[in-house]
Amino acid sequence: MANENPRKSNLPEDPIKEWFNFAPLFQERPFRNLLESIDELFQHTYFKPRFKVKVQEEEDKYIVYAELPGVRKNQIHIHTMINRLTITIKQTEMETIENDKTQATHNKQSYTQVSRTIPFYQPVLEKQTKATYRDGLLTVIVPKRKGKMIEIE
């Protein structure tokens, strides 16, 4: 018995022709606005580090440079572990607004913490790490831990 009601496909009859119907959308401004919006999203400060760090490796040590303009020395916290260094900036701002007419005082406080962790390929000597901070540039010298040579018998 022949099927009187053949099943209809959801696929277009000519897929190439359908593609060319959508091609102008990729060239129009709304699509570019979408891409620009995505770029702006990833350029937002939530996704990128707030300070630049450069790591220089020498034979016996790592030298880490961090650009921290406008940061006070007491806001910088450095922590070393076996094979990494973490630089944390903690900033607290307080603002007081007084209104003489209503005799009201408005206190506003904000807290910001930003940190960067730099991994090292070799273990480091945490206790011998030294740091200096001058003119917005933090320099941290992290000595490498030397391995033990094993002689083959």
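One-based numbering along the sequence shown.
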What distance do I97 atom CD1 and N107 atom CG have between them, rounded to the nearest 0.5 Å?
-> 9.0 Å

Shortest non-hydrogen pair, L68 vs Y133, comes out as O-OH, 2.8 Å

Just how far is it from atom CD of Q56 to atom OG1 of T139, taken to the nearest 0.5 Å?
-> 10.0 Å

Please set out all donor-acceptor pairs under 3.5 angstrom arising from side-chain atoms of residues 143-153, sequence neighbours excluded.
residue	atom	partner	partner atom	Å
K144	NZ	E57	OE2	2.7
K144	NZ	E58	O	2.8
K144	NZ	Q122	OE1	3.2
R145	NH2	V124	O	3.4

Can you name the nearest heavy-atom pair linking Y121 to Y62, along with the distance?
-> N-OH, 3.2 Å

With sequence neighbours excluded, what pairs up with E98 under the side-chain contact (heavy atoms from CB on, under 4.5 Å) test?
-> T96, T105

hydrophobic_cluster_shared for V55 and V142, side chain cutoff 4.5 Å = yes

Quiz: residues 71-88 side-chain donor-acceptor pairs under 3.5 angstrom, not counting sequence neighbours:
residue	atom	partner	partner atom	Å
Q75	OE1	R72	N	2.9
T86	OG1	T117	OG1	3.1

Of all residues at least two apart in sequence or in a different chain, which pass the side-chain hydrogen bond (donor to acceptor under 3.5 Å, both in side chains) check with Y111?
-> Q113

What is the minimum heavy-atom distance between S115 and F51, and which atoms define it?
-> C-CZ, 4.4 Å

To the nearest 0.5 angstrom, please state how far the OH atom of Y65 sits from the CG atom of L137.
-> 8.0 Å

Which residues share a side-chain hydrogen bond (donor to acceptor under 3.5 Å, both in side chains) with T92, sequence neighbours left out | none

Quick one: side-chain contact (heavy atoms from CB on, under 4.5 Å) partners of K108, sequence neighbours excluded?
-> E95, H106

Evaluate side chain to side chain contact (heavy atoms under 4.5 Å, CB included) for V140 paired with I63, printing each intermediate quantity in order.
-> CA-CA 6 Å; V140 184; I63 303 173; over 6 Å; no

Non-hydrogen side-chain atoms of V64 and V53 separated by less than 4.5 Å | yes

